[in-house]
There are 2 protein chains.
Amino acid sequence: MENQKRTTIYDIAKKLNLNASSVSRALNGSSNVSEKTKELILKTAKELNYRQNSIASNLRKGENRTIGVVVPRINQNFFSNVIAGIEEVTYQKGYNLIICQSNESYQREIKCVDTLINQHVSAIFLSISADFEDNEHLKSVGEHQIKLIQFDRVDDELDTFKVLCGNEEASFEAVEHLLTQGYRRIALLEGPQNLNIFRQRKKGYLSALAKHGLSLLPELIVENAWTRELGAAATEKLLALPQPPDAIFASTSDFAALGVLDVAQARGLKVPQELGIIGFSNEAFTEITQPSITTIDQFSKEIGKNVANLYFQKLSKTASSETNKIVSIRPKLIIRGSTLRNGI
Amino acid sequence: MENQKRTTIYDIAKKLNLNASSVSRALNGSSNVSEKTKELILKTAKELNYRQNSIASNLRKGENRTIGVVVPRINQNFFSNVIAGIEEVTYQKGYNLIICQSNESYQREIKCVDTLINQHVSAIFLSISADFEDNEHLKSVGEHQIKLIQFDRVDDELDTFKVLCGNEEASFEAVEHLLTQGYRRIALLEGPQNLNIFRQRKKGYLSALAKHGLSLLPELIVENAWTRELGAAATEKLLALPQPPDAIFASTSDFAALGVLDVAQARGLKVPQELGIIGFSNEAFTEITQPSITTIDQFSKEIGKNVANLYFQKLSKTASSETNKIVSIRPKLIIRGSTLRNGI
DNA sequence: GAATTTTAAGCAATCGATTGCAAGTTCTGA
DNA sequence: TCAGAACTTGCAATCGATTGCTTAAAATTC
């Protein structure tokens with residue numbers, strides 16, 4: 001039982017004294033088979049528990065209705081939602097997804113891409129890892145006739161389709177909101193600057209300050225504070241300054257913002273009166289903390305859908321070079337208790 | 001450029017006046033090729049930007065180092081963590097994952113399984129959808145020489161490898177904890193009873209009551225309260241009873257528990273003094289609410305790792321029928337503020 | 001230097017499905 | 001009744017890599 005082979009079209013053909021080509025045609029609904037034999041073939045296929053071997057079919061047809069997705073972490077809220085969005089669209093089109101996670105490692109990202117190239121996927125959707133170094137591996141994707149679409153964390157230099165989140169605008173808007181609430185010494189928790197998204201968020205922060213005639217205070221910028229713990233540590237450091245900030249923009253993540261809130265509460269600092277806090281991503285918990293945390297919703301599922309749609313749109317209108325290569329999803333500032341000290 | 005074909009071993013062979021078989025052997029590190037030609041082939045392969053076509057290789061070798069994973073929802077914390085755990089192990093072994101989501105739909109679950117069978121994956125790891133009806137599609141997995149491992153939400157009738165979470169014990173422990181804290185009228189928010197996990201959680205609830213000589217009060221059991229909203233609605237209903245409960249065990253999810261907390265706070269009920277609350281899953285936010293919510297950690301990533309390990313273990317010790325077909329991961333009750341009214 | 005072993009490389013079949021072309025059969029209409 | 005159209009079906013090549021077998025060449029032994 002265990003060792004029996006799967007039935008192939010040849011088995012069906014032999015049983016019916018037909019040729020495999022007719023079986024193939026019947027199963028694919030071709031018109032070149034008489035109704036009688038078609039029915040017979042379909043019946044026998046069911047009897048023998050036949051299933052098409054997609055591998056053989058793919059090889060012969062030279063196509064593979066499979067798309068590879070490479071993300072830093074599958075189980076991060078943002079990425080798992082993007083994947084859900086992608087899947088929603090690709091499923092409709094009859095495509096499968098191969099999911100890989102780079103674990104924020106550049107070497108592993110290269111390996112993932114290599115495997116996907118070998119798998120002959122039709123496209124790769126990718127968000128680069130935190131310790132991204134160089135885009136050779138991404139270039140080679142195109143060289144192998146595979147469409148590459150980058151999203152969120154992208155390499156700007158590479159001319160591919162991209163789906164971005166308006167990080168700079170969102171960041172600008174967040175800081176401006178703090179300013180209108182009367183905060184003046186606004187600190188920034190920034191992410192690794194080799195990632196475009198964190199560069200853009202910083203840019204938005206800087207231009208909001210500039211617009212309001214405030215000068216940049218380097219001591220108010222803390223590098224690499226991603227996590228709750230690092231966010232807390234950064235806050236300790238900031239609050240120990242001779243002139244501590246009156247607001248902290250955790251541009252890295254809501255987790256960092258939570259760390260900020262932890263420290264503020266431990267020190268008995270009133271939020272938002274004495275310290276304003278803004279996070280990034282609209283994680284579920286931001287609504288639940290007391291006070292709730294002002295943050296930025298990135299519409300992660302929408303991003304995923306757009307990535308997939310960009311691919312299929314490209315497929316359908318091959319001619320239209322009009323198609324924009326870059327789609328930007330506008331994030332939304334969600335104002336909550338942690339920054340509302342003057343009312344709206 | 002766009003239309004050029006990918007280079008194959010034949011292209012390499014032609015360029016070097018060799019036979020494709022030698023190229024194949026060289027690339028696979030076989031000993032039957034001289035060092036000189038091997039080097040030459042490797043060099044030329046690099047020059048021509050050669051990549052193996054895994055599809056062809058898989059077809060010929062009749063194996064596919066790919067595993068299919070079917071989950072109800074990719075972007076649910078529990079499942080995305082399980083997937084991360086699976087990926088951690090399978091990546092080590094050089095296997096790829098094809099991820100499908102059933103979206104809690106039985107029909108779609110069948111489709112996912114069908115596709116994976118056609119893809120000739122070596123194994124399918126699956127957690128059944130909420131409106132599961134019948135296991136025909138799962139039986140057919142085995143008929144096609146594909147190993148099936150079920151996890152978390154499993155069909156008990158089917159004799160496959162399984163990785164389970166000790167739902168009944170955890171539930172029992174949770175209710176017993178409530179009892180030791182002096183709660184006596186304990187309500188249960190229960191999930192769809194066609195899923196084993198919810199049946200087991202209910203069972204644990206019932207046996208804890210029984211052990212302590214308390215009789216079951218049917219009015220304290222509310223069906224299908226999964227979400228925050230449904231949890232809130234259920235709570236409204238329960239609190240409107242002539243004899244309302246003094247504790248609510250949201251066996252469905254932490255989201256439901258959050259809904260309970262919402263209503264309690266809206267009504268000015270003191271938690272844990274007047275109402276005890278327990279959730280399920282240890283979502284990140286349960287630690288953050290005020291009071292924090294007592295809940296059950298399922299070690300989702302561990303579950304994923306165990307699923308994958310079960311598969312590879314099966315591969316390595318084929319003979320050992322000793323191997324247990326069922327692995328159970330013991331969940332852990334995490335006691336927090338929402339139930340601690342008497343101290344520990 | 002002849003005989004034998006070792007090594008290297010080529011040949012051809014194979015995995016399972018698809019598809020252009022050819023051959024055979026049935027049907028249509030004059 | 002027969003030419004020609006319209007269907008059915010079969011044949012054989014193909015996708016790209018792998019592998020058992022054979023042959024040719026080189027290395028070893030006596």
Side-chain angles (χ1 to χ4, degrees), chain A residues 3-42 44-45 48-66 115 117-122 144-145, chain B residues 3-42 44-45 48-66 115 117-122 144-145:
Chain A
N3 271 337
Q4 91 193 359
K5 284 213 188 122
R6 288 171 46 141
T7 67
T8 69
I9 52 172
Y10 295 99
D11 300 323
I12 299 176
K14 195 179 287 171
K15 181 153 186 194
L16 297 177
N17 266 325
L18 283 170
N19 189 282
S21 57
S22 297
V23 177
S24 171
R25 284 191 258 260
L27 294 169
N28 286 304
S30 158
S31 54
N32 290 343
V33 196
S34 71
E35 273 308 317
K36 247 187 300 177
T37 53
K38 189 186 268 187
E39 265 176 50
L40 208 58
I41 288 171
L42 259 43
T44 321
L48 298 181
N49 203 5
Y50 170 81
R51 291 303 182 88
Q52 190 204 46
N53 183 331
S54 308
I55 297 183
S57 174
N58 287 340
L59 175 60
R60 175 58 228 248
K61 296 206 279 191
E63 65 158 23
N64 188 357
R65 297 169 82 77
T66 300
T115 314
I117 292 177
N118 289 358
Q119 290 284 334
H120 252 253
V121 295
S122 357
H144 290 276
Q145 283 73 57
Chain B
N3 271 336
Q4 88 192 2
K5 284 209 188 126
R6 286 171 49 140
T7 67
T8 70
I9 51 172
Y10 295 99
D11 300 323
I12 298 177
K14 197 179 287 171
K15 181 152 184 194
L16 297 177
N17 267 323
L18 284 170
N19 189 279
S21 56
S22 298
V23 177
S24 171
R25 284 191 256 260
L27 294 169
N28 287 304
S30 157
S31 55
N32 291 341
V33 196
S34 73
E35 274 307 316
K36 249 188 297 177
T37 53
K38 189 186 268 186
E39 264 177 50
L40 208 58
I41 288 171
L42 259 42
T44 320
L48 297 181
N49 205 4
Y50 170 81
R51 290 304 181 90
Q52 190 204 46
N53 183 331
S54 308
I55 299 183
S57 173
N58 286 341
L59 175 60
R60 174 60 228 250
K61 296 205 279 191
E63 65 157 22
N64 188 357
R65 297 171 80 77
T66 300
T115 313
I117 292 177
N118 289 357
Q119 291 283 334
H120 251 252
V121 294
S122 354
H144 291 276
Q145 283 72 56

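Numbers restart at 1 for each chain; the letters A, B, ... are given by sequence-line order, proteins then strands.
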For S54(A), the side chain to side chain donor-acceptor pair (under 3.5 Å) test, sequence neighbours excluded, returns none
The bend of the helix from dG1(C)-dC30(D) to dA30(C)-dT1(D), taken between the axes of its five terminal pairs at each end and rounded to 10°, is 40°
Contact check, residues 9-17 of chain B vs DNA chain C, heavy-atom distance under 4.0 Å, returns N17(B)
Sorted by chain and residue number, the side chain to side chain donor-acceptor pair (under 3.5 Å) partners of S122(B) (sequence neighbours excluded) come out as none
Across all chains, not counting sequence neighbours, the side chain to side chain donor-acceptor pair (under 3.5 Å) partners of N49(B) are E143(A), H144(A)
- Message: What's L27(B) touching, base or sugar-phosphate or nothing? Going by heavy atoms closer than 4.0 Å.
- Response: nothing
Outermost contacting nts on DNA chain D, any atom under 4.0 Å from chain A heavy atoms, listed 5' then 3', are dT8(D) to dG16(D)
Residues at least two apart in sequence or cross-chain that pass side chain to side chain donor-acceptor pair (under 3.5 Å) with T44(B), listed by chain then number, are none
Residue pairs passing the salt bridge (Lys or Arg N to Asp or Glu O under 4.0 Å) test with at least one member in residues 31-40 of chain B, sequence neighbours excluded, are none
Sorted by chain and residue number, the salt bridge (charged side-chain N to carboxylate O under 4.0 Å, His left out) partners of R51(B) (sequence neighbours excluded) come out as D114(A)
With sequence neighbours left out, the residues meeting salt bridge (charged side-chain N to carboxylate O under 4.0 Å, His left out) with K15(B) are E47(B)
Hits for salt bridge (charged side-chain N to carboxylate O under 4.0 Å, His left out) against K61(B), two or more places apart or cross-chain, chain-then-number order -> none
Could you list the protein-to-nucleotides 19-24 of chain C atom pairs, N/O on both sides, closer than 3.5 Å?
none

